[in-house]
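To start, the structure itself, in structure tokens.
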Amino acid sequence: MKYLYQQLAAFTVVIFVTLLTMGIVFTRMTEKTVEENNYHQLFGYGDAVQKVAETINDQYQVNFSKETVIQNALATSELMLNQQSVNFVFITTNKQIIYPLHSSEKTSITIATSTWSALAAGESQQLTSDANIYGQKETTSYAMIPFDYDGTFFGVLIVSQPAKNIQNSVKQLTANLLKGVILSVIVALVISYFYARFQVKRINRLQKATKEVANGNFDINVPVHSRDEFDDLAEDFNKMTRSLKESQDEIERQEERRKQFMADASHEMRTPLTTINGLLEGLQYHAIPKNQEENAVNLMKNETERLIRLVAENLDYEKIRTNQISMVIKKFDGTQTLAEIVTQLQVKAASAGDTLTLVTTEPVSVFADYDRFKQVMVNIIQNAIQFTENGEITIQIEKRNLQTVIAISDTGIGMTPEQLTNIWDRYYKVDPSRKNKKFGESGLGLPIVQQLVRLHNGTIDVQSKLGEGTTFKISFPDTETTES
């Protein structure tokens, strides 16, 4: 509510200052306009007097003097304008006052030489004065009009009217303006209240959403209408909550992975450690026959090597996953490298009754880290040998769309769609019964392969059908860069 009051106070100050400024300016302009209109009216009265004088001179064939004609014209006009408090004074060129008629009403009038010269030149003059001219006791507006008779400058006609008429008009206008201002302020404050309340409601909505986020609810979403900065803030807030939600989900996934890693690592290490411990106890208490002691020692050696490989692969995987390894991408003959790997793994393939064949014979270049490339190929080929018995494993390398693609296919046991989804998880085994082989036993081979291919900005795709075999396709882009 504090912000609501601040908004109302700000609106009130702005409205008051604006209306006050407009009122003062409008009043001054109106007062000036009314005054100008009043002078224009007084000049009109002077012109009317001159026309009345001409009419008297033309209608009556009596030889009246100029002074008499002007006096009659002024008396007639003053009588008609009596309700408007309009008075006339006429001064001849010899500075004599011939109207008003009674000398007791006459007051000495002094007209400056420069003003008289301007009047003689035909320029009307105007002034507002509180000086006492023929008995005026208040501020009065005067219009000085040059008066011509028979085309000759005969004198100056002074038309006067109390300024209170102007003041009364301005006061009435000011009173009406004040009423309008008060009504406008009330209406503006009502509108401002609802507008400020609407804005505060939007802020409260963001505040409520912020409290939800502080309490751990990242599913909150603030409506956005894309109208102003509040909506921009709401959009940024929603982006923040989505980011926090993703971070929370990632933390939960990492925590699950950590728990799974600890469980899997403990499970993987428990078996060899239990075996080693059992054999040691057997040797300690002479529970193992003499002729079996050598086999027991060999078994402990194999289990120890298995533990060493497991720890080494875990360390290797973490270094690869966190990009802590150094790689030098360079160009080399991929066909020749694959031929060397096939030669090295022929014995393992033959022991499983498999035929291992490199289909490609022509040289095909590849851009990759040489050692990591061999590591990827060896892992996948060994994986194929592990899950293929008395079958065929074929390897092919070719250029395609500015990249090198290696396809490794086998006729092994294949995988289900669910297994295809899980093969990239650490310690996952498609066939747990095969874990005692000397390769592929830890379930870390394919996760390591996936991370290494990603570090090369490459892709790896797997297609498999249960009972019909599996095909791995690995692509390396044709870019020669150095990474570390």
Side-chain angles (χ1 to χ4, degrees), residues 268 271-272 275 294-295 298-310 312-313 334-362 364 373-398 405-450 452-453 460-474:
E268 291 295 327
T271 301
T275 302
E294 184 177 353
N295 292 334
N298 290 332
L299 183 56
M300 284 190 293
K301 181 176 180 297
N302 291 336
E303 294 297 322
T304 302
E305 291 175 351
R306 182 184 171 192
L307 277 174
I308 292 173
R309 286 195 302 272
L310 183 62
E313 286 182 347
T335 305
Q336 181 181 352
T337 305
L338 287 172
E340 294 173 357
I341 295 173
V342 168
T343 301
Q344 295 172 5
L345 298 178
Q346 281 289 3
V347 176
K348 292 180 180 179
S351 64
D354 297 330
T355 301
L356 183 59
T357 306
L358 176 60
V359 177
T360 308
T361 57
E362 68 275 7
V364 178
F373 176 81
K374 289 189 68 174
Q375 183 178 0
V376 169
M377 296 301 112
V378 168
N379 267 287
I380 295 177
I381 296 172
Q382 285 189 153
N383 192 74
I385 294 172
Q386 179 184 0
F387 294 102
T388 304
E389 292 182 1
N390 301 317
E392 295 181 0
I393 301 170
T394 58
I395 306 168
Q396 184 178 4
I397 179 172
E398 61 179 346
V405 180
I406 300 97
I408 302 172
S409 302
D410 64 63
T411 58
I413 63 175
M415 290 179 283
T416 64
E418 181 182 359
Q419 290 171 334
L420 274 175
T421 305
N422 297 325
I423 59 174
W424 308 116
D425 296 337
R426 282 193 291 184
Y427 304 113
Y428 180 78
K429 299 179 181 66
V430 174
D431 186 0
S433 66
R434 298 171 183 252
K435 66 181 181 179
N436 290 325
K437 292 195 174 183
K438 296 180 65 175
F439 46 90
E441 61 193 271
S442 66
L444 287 171
L446 289 181
I448 290 175
V449 165
Q450 184 187 47
L452 287 175
V453 172
I460 182 168
D461 178 64
V462 186
Q463 296 178 351
S464 183
K465 192 171 183 181
L466 191 63
E468 296 183 9
T470 304
T471 298
F472 283 81
K473 288 185 178 180
I474 310 97

Flag, side chain of Thr411 to backbone of Glu392, donor-acceptor distance under 3.5 Å: yes
Donor-acceptor check, side chain of Asn379 to backbone of Gln375, threshold 3.5 angstrom: yes or no? yes
Answer yes or no: does atom NZ of Lys374 have more than 12 heavy-atom neighbours from other residues, nucleotides or ligands under 6.0 Å?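 Count over threshold, so yes.
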Can you confirm whether Thr337 sits close enough to Met377 that some side-chain heavy atom of one is under 4.5 Å from a side-chain heavy atom of the other?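 No; the side chains remain at least 4.5 Å from each other.
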Mind checking the [atom1]-[atom2] spacing from [X] to [Y]? Nearest 0.5 Å is all I need.
{"X": "Leu356", "Y": "Ile408", "atom1": "CG", "atom2": "CD1", "answer": "9.0 Å"}
{"X": "Leu345", "Y": "Ile395", "atom1": "CG", "atom2": "CD1", "answer": "8.0 Å"}
{"X": "Glu303", "Y": "Thr275", "atom1": "CD", "atom2": "OG1", "answer": "4.5 Å"}
{"X": "Leu338", "Y": "Glu340", "atom1": "CG", "atom2": "CD", "answer": "9.5 Å"}
{"X": "Ile397", "Y": "Glu362", "atom1": "CD1", "atom2": "CD", "answer": "9.5 Å"}
{"X": "Gln346", "Y": "Asp354", "atom1": "CD", "atom2": "CG", "answer": "10.0 Å"}

Heavy-atom closest contact (Ser409 atom, Thr471 atom, distance): OG-OG1, 3.0 Å
Smallest separation among heavy atoms of Gln419 and Gly414, with atom names: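 Residues Gln419 and Gly414, closest heavy atoms: OE1-O, 4.2 Å.
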Could you tell me which residues satisfy side chain to side chain donor-acceptor pair (under 3.5 Å) with Glu398, sequence neighbours excluded, listed by chain and number? Arg400
Residue pair Ile423, Gln450: steps toward the side-chain contact (heavy atoms from CB on, under 4.5 Å) verdict: CA-CA 10 Å; Ile423 59 174; Gln450 184 187 47; over 6 Å; no
Pick from Ile385, Thr470, Thr394: which one makes a side chain to side chain contact (heavy atoms under 4.5 Å, CB included) with Asp410? Thr470
Using the rule given for side-chain contact (heavy atoms from CB on, under 4.5 Å), can you reason through Thr335 versus Leu358, listing the C-alpha separation, both sets of side-chain angles and the distance that settles it, and then say yes or no? CA-CA 8 Å; Thr335 305; Leu358 176 60; 4.3 Å; yes
